[in-house]
Amino acid sequence: MRAIVITAQGGPEVLEYVERPDPEPGDGEIVVDVAASGVNFIDIYHRSGAYPLNLPSPIGSEGAGVVSAVGPDVSDVSVGDTVAWASVLGSYAEKAVVPADRVVPVPAGVPAEVAAAVMLQGMTAHYLTHSTYEVKPGDSVLVHAGAGGMGQLLIQLAKLRGATVHTTVSSEEKEKVARAAGADEVLRYDDFVDVLRNQVDVVYDGVGAATFDGGLAALRPRGLMALYGAASGPVPPVDPQRLNKEGSLFLTRPTLVNYIAEREELLWRASDLFGWIADGLLKINISQRYPLAEAGRAHEDLAARRTTGKLLLIP
Ligand SMILES: NC(=O)c1ccc[n+]([C@@H]2O[C@H](COP(=O)([O-])OP(=O)(O)OC[C@H]3O[C@@H](n4cnc5c(N)ncnc54)[C@H](OP(=O)(O)O)[C@@H]3O)[C@@H](O)[C@H]2O)c1
């Protein structure tokens, strides 16, 4: 089988497209013929060295496909099932080895590509709007980078929960995408603070360094900042006294693995998402598909903010 591996961390050129023996499932594992792998910022962090990895390493954190083999001690997954997963390394491959207790069944009404596109960002948008902060009808929500993969999902889930959604984007083209996702107000990075000062209940910030200060200023007293990423670079250390001065604010830096650690929670989030997709309440915007061999080009496009929506690698 073909797969992407890295033997050193660095630029997109360290992503090597190689031939490997077909994998065998170990205890509690399954092998999946991958239909599509999702491209995510965490893959860029793994590749670049921003996050540690034991080298050499497979790469890619999300995918979906059909089970081709099951190992010993696997009872509830069978050959031929369509399954999907997130936060399991090695998804940039024709065949992925995945622990059986980390996959979710994909219902008949959801294509495998859509399942691959929604697992990581969709479950993140789910925990951010349902658990980190439970968005309520009438809440005022600010979502940064509203045309992005995360942004379009957060806008839709916050609207489903009855909020008014403000968002930021960098261009007119991206403004159209954010409006199509349902945003009530679309702003630019240089004007959102003036428009929203002291007004919003929760800020969802995956942009980081460039937007963090403005986001704190946009929060009402006792509002919550969910800083969930760093597309523009990491936020420097924060003095807790700032949260006092700016109105008894809450600050959290959440990550998906802590919100899907229990199997029950993983199944809850994934089945909510699949249900909304099947009912037409959640639209998954797959904007670009790349051949698996061109993973480096996908990384470059995502990091250079040339994309909207979801990027997939097709083996
Ligand atoms: N904590 C978690 O559990 C978790 C899980 C999934 C993703 N994330 C985070 O969510 C964030 C978004 O991920 P995504 O995959 O959906 O990406 P994305 O939003 O599709 O792409 C990033 C977007 O950020 C905006 N941006 C603003 N300044 C930027 C800069 N200097 N460089 C690059 N982009 C910039 C761009 O939109 P504009 O051009 O409109 O500004 C760009 O398109 C990432 O930080 C990722 O790490 C976190």
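When reading the values below, keep in mind they use all heavy atoms of this one structure, side chains included, and skip hydrogens, waters and symmetry mates. Indexing begins at 1, ligand by ligand and atom by atom, following the structure's order.
- Contacts with ligand 1 closer than 4.0 Å are made by no heavy atom of H144, backbone or side chain.
- Here A304 has no heavy atoms under 4.0 Å from ligand 1, in either its backbone or its side chain.
- Of the protein's non-hydrogen atoms, the one nearest atom 14 (P) of ligand 1 is Q121 NE2, 3.6 Å.
- Between D101 and R263, none of the side-chain N atoms (NZ, or NE/NH1/NH2) sits under 4.0 Å from a carboxylate O, so this pair counts as no salt bridge.
- Contact annotation: for T124 versus ligand 1, heavy atoms closer than 4.0 Å belong to the side chain alone.
- Considering backbone and side-chain atoms alike, G148 places every N or O at 3.5 Å or more from each N or O of ligand 1.
- Checked against K310 for a side chain to side chain donor-acceptor pair (under 3.5 Å), the options Q152, E113, E62 give a single hit: E62.
- Other residues, nucleotides and ligands contribute over 12 non-hydrogen atoms within 6.0 Å of the CD atom of E13.
- Nearest protein heavy-atom contact of atom 16 (O) of ligand 1 is M150 N, 2.7 Å.
- Under 4.0 angstrom from ligand 1, the non-hydrogen atoms of A230 all belong to its backbone.
- G149 N, 2.9 Å is the protein heavy atom nearest to atom 20 (O) of ligand 1.
- Classified by interplanar angle (parallel below 30°, tilted 30° to 60°, perpendicular above 60°), the ring pair W276/H126 is parallel.
- If you check the side chains of S232 and R305, you find no donor sitting under 3.5 Å from an acceptor.
- Within the 4.0 Å heavy-atom criterion, neither part of S171 lies near ligand 1.
- Looking only at heavy atoms of the protein, atom 23 (C) of ligand 1 is closest to A145 CB, 4.0 Å.
- At a 4.0 Å heavy-atom cut-off, ligand 1 touches Y127 through the side chain alone.
- Here the shortest heavy-atom distance to atom 11 (C) of ligand 1, taken over G309, A226, G206, G233, belongs to G206.
- The ligand atoms of ligand 1 that sit less than 4.0 angstrom from a heavy atom of A303 are 32 (N), 33 (C).
- Geometrically, R2 engages Y17 in a cation-pi contact defined by less than 6.0 Å to the ring centre and at most 45° from the axis.
- Looking only at protein heavy atoms, the nearest one to atom 37 (O) of ligand 1 is K174 NZ, 3.5 Å.
- Nearest heavy-atom pair across I6 and R47 is CD1-CA, 4.2 Å.
- By the 4.0 Å N-to-carboxylate-O rule, K136 lies close enough to D139 to be salt-bridged with it.
- The protein heavy-atom contact nearest to atom 38 (P) of ligand 1 is S170 OG, 3.3 Å.
- Some N or O of A231 is nearer than 3.5 Å to an N or O of ligand 1, by distance alone.
- Residues L292 and V34 form no side-chain contact, since every pair of their non-hydrogen atoms from C-beta on lies 4.5 Å or further apart.
- Considering only heavy atoms from C-beta on, L187 comes within 4.5 Å of L196 through its side chain.
- Contact between P254 and ligand 1 is present, with at least one heavy atom of the residue lying under 4.0 Å from the ligand.
- The neighbour count for E19 CD, taken as heavy atoms of other residues, nucleotides or ligands under 6.0 Å away, is above 12.
- Within a 6.0 Å radius of CZ in R222, other residues, nucleotides and ligands contribute 12 heavy atoms or fewer.
- At least one heavy atom of V207 lies less than 4.0 angstrom from ligand 1.
- Relative to atom 10 (O) of ligand 1, the option among Y228, F41, Y204 with the closest non-hydrogen atom is Y228.
- Of the charged side-chain nitrogens involved, at least one lies within less than 4.0 Å of a carboxylate oxygen, so that R188 and E175 count as a salt-bridged pair.
- Ligand 1 has no nitrogen or oxygen under 3.5 angstrom from a nitrogen or oxygen of L120.
- Protein heavy atom closest to atom 42 (C) of ligand 1, with residue, atom name and distance, is R305 CB, 3.6 Å.
- Ring planes of H144 and F192: perpendicular class, angle over 60° (limits at 30 and 60°).
- Ranking the protein heavy atoms by distance from atom 41 (O) of ligand 1 puts Y189 OH, 2.6 Å first.
- For ligand 1, the atoms closer than 4.0 angstrom to any heavy atom of R253 are 1 (N).
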